[in-house]
S.K.: 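Mind looking over this structure? Questions follow.
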There are 2 protein chains.
Amino acid sequence: MEKYVKILKDNNMKITSHRINVLRYLDKHCTHPTADQIYTDLKTNNPSLSKTTVYNALDALESHGIIQAITISGSELHYDITHEMHHHFYCKKCGKIIDIEFCCPNINKMSEYGHEVEEVHGYIKGICKKCIKKGS
Amino acid sequence: MEKYVKILKDNNMKITSHRINVLRYLDKHCTHPTADQIYTDLKTNNPSLSKTTVYNALDALESHGIIQAITISGSELHYDITHEMHHHFYCKKCGKIIDIEFCCPNINKMSEYGHEVEEVHGYIKGICKKCIKKGS
DNA sequence: TTACAAAATTGTAATCATTATAATTTAACA
DNA sequence: TGTTAAATTATAATGATTACAATTTTGTAA
C-alpha cells in the first residue's frame, strides 16, 4: 500500500486521488507552497482539478494534524508536512521560507499556564543569506 | 511632550493625531487588536476617521519597528507594541491571543545560518484555560 | 457485484482583509 | 505665512479564502 494511502487510512479519511496528490506534493516539495502553488502544479497533470478541492484537501489534512499551515507571511497560508519540531525563517525580500532546525527548550514551561498546547510555531523574519549577498 | 509624540519624533515621523491615537490605543490595550477593532473603537470619538488611515498608521508604525504585526491567526493581522521579547498563545476556540512571557535561548543560534534576523515570533496554538473549563 | 448513504469534488459566486488610487487636507519648516 | 511633501479620505480594486448547490465518488452492506 502506498505510503500516502496508509496515512489517510490511519486517520480514517476517505482515500481520494486528490488528497493523495496534495499529500505527495507536500512530501516531495520542501518549499512550503501555498494552496495556489499546489493547485497550479497539480493541475498540469490533472486539468479537471478544482481549486476548492485543494483547499478542502488541505483543510482535511490539517485538521487531522498530518500537515500544518504556516502563517508566517501574513498574507497567505503556506503548508508543510508535520514532522519533528522545527522553525521557519521568512525572507522579507524574496519571500522564501527556510527551515530552521532547532527548537525551544522553554516550550515545556507552557504546562504552567494551563492552556492546552496543540501547535508550536517559531517564525523568524529578516533578510536571507542570498538576498544579503545580492544587495551588497 | 506627550510620550507618543516623543516616539514619533524620535523616529522622524510626522506627528498626526491619528498616529498618536493608534499608538496610544495599542499602548493602553493589551488585547492585540486587529486594524478593524482599532478603527471601530477610535471612530466613536473621531467619526471622520477613515479605515485606510488606520492601515496607513499601522504600516508606518510597523516599518519603524514601533509596533509589530502578529500573524498568528492566519486570517487577519493583530498588532502589538514592540517591547521585550515575548511569545503569543492563540486559542483556536475563542480566538483570544494571550502573552506568554518567556523566550527561546536558541535564537542566538540564528547567527550561524547567515540570515539577518529582524523579528522573532513564537506562536503557540491550542485551547486556552478558560475554554477548557467551559468545554468540560 | 450492486445499491445506498455519506462524504468529496466541482464551478461559481460571495466574503473579507487589505491595498491602490486620486483628490483633498495638513504638518513641518523656510 | 507660504510652500512642499506627506497624510488623510472615500472609493474602487485585489486576492486569498469560503459558501453553496449540483454532481460524482468512496466505503460498506446486502
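In what follows, chains carry the letters A, B, and so on, assigned in the order in which the sequence lines appear, proteins first and then strands, with residues in each chain numbered from 1. Nothing here was measured: the structure is a model prediction, and the numbers come from that model.
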S.K.: Take the C1' atoms of the five end pairs on each side of the helix from dT1(C)-dA30(D) to dA30(C)-dT1(D), get both axes, and report the angle to 10 degrees.
M.R.: 30°

S.K.: Hey, which sits more toward the 5' end of DNA chain D by its nearest nucleotide, K14(B) or T53(B)?
M.R.: K14(B)

S.K.: For K51(A) and dT12(C), what is the distance between atoms NZ and C1' respectively, to the nearest whole Å?
M.R.: 13 Å

S.K.: For a quick check under 3.5 Å, do E84(A) and H86(A) share a side-chain donor-acceptor pair by atom type?
M.R.: no

S.K.: What orientation do H32(B) and H88(B) show, parallel under 30°, tilted 30 to 60°, or perpendicular over 60°?
M.R.: perpendicular

S.K.: Between L8(A) (CG) and dA8(C) (P), how many Å, whole number?
M.R.: 11 Å

S.K.: Please identify the 5'-most and 3'-most nucleotides of DNA chain D with any atom under 4.0 angstrom from a heavy atom of chain A.
M.R.: dA16(D) to dG27(D)

S.K.: Return a table of donor-acceptor pairs under 3.5 angstrom between the side chains of residues 117-126 of chain B and protein atoms on other chains or two or more places apart.
M.R.:
from	atom 1	to	atom 2	distance (Å)
E118(B)	OE1	K92(A)	NZ	2.9
E119(B)	OE1	H121(B)	NE2	2.6
E119(B)	OE2	K92(A)	NZ	2.7
H121(B)	ND1	Y123(B)	OH	2.9
Y123(B)	OH	T71(B)	N	2.9
K125(B)	NZ	I72(B)	O	3.0

S.K.: Which residues, if any, of residues 15-46 of chain B bring a heavy atom under 4.0 Å of DNA chain D?
M.R.: T16(B), H18(B), R19(B)

S.K.: Could you list all the ring pair (Phe, Tyr, Trp, His ring centres under 6.0 Å) pairs where at least one residue sits in residues 38-73 of chain A, not counting sequence neighbours?
M.R.: none

S.K.: Please determine, by modelled atom types, if H87(A) and N106(B) share a side-chain donor-acceptor pair under 3.5 angstrom.
M.R.: no

S.K.: Assuming nearest nucleotide by heavy-atom distance, tell me which of P47(A) and D59(B) is located more 5' along DNA chain C.
M.R.: P47(A)

S.K.: Residues in salt bridge (charged side-chain N to carboxylate O under 4.0 Å, His left out) with D99(B), at least two apart?
M.R.: none

S.K.: Output yes when a side-chain donor or acceptor of D27(A) lies under 3.5 Å from a complementary backbone atom of L23(A), and no otherwise.
M.R.: no

S.K.: For the pair made of CD in E76(B) and P in dT19(C), what is the distance, rounded to whole Å?
M.R.: 13 Å

S.K.: Do K129(B) and E116(A) sit within salt-bridge range, that is, some charged N less than 4.0 Å from a carboxylate O?
M.R.: no

S.K.: Without swapping roles, check the side chain of N46(A) against the backbone of L42(A) for a donor-acceptor pair under 3.5 Å.
M.R.: no

S.K.: Which distance, rounded to the nearest 0.5 Å, do you find between the CG of D80(A) and the CD1 of I97(A)?
M.R.: 8.5 Å

S.K.: Atom OH of Y55(A) and atom C1' of dA14(C): how far apart are they, to the nearest Å?
M.R.: 14 Å

S.K.: Check whether any side-chain nitrogen or oxygen of S75(A) sits under 4.0 Å from OP1 or OP2 of dT18(C), and answer yes or no.
M.R.: no

S.K.: With distance as the sole test, does T40(A) use its side chain to make a donor-acceptor pair with the main-chain N or O of D36(A) at under 3.5 Å?
M.R.: yes

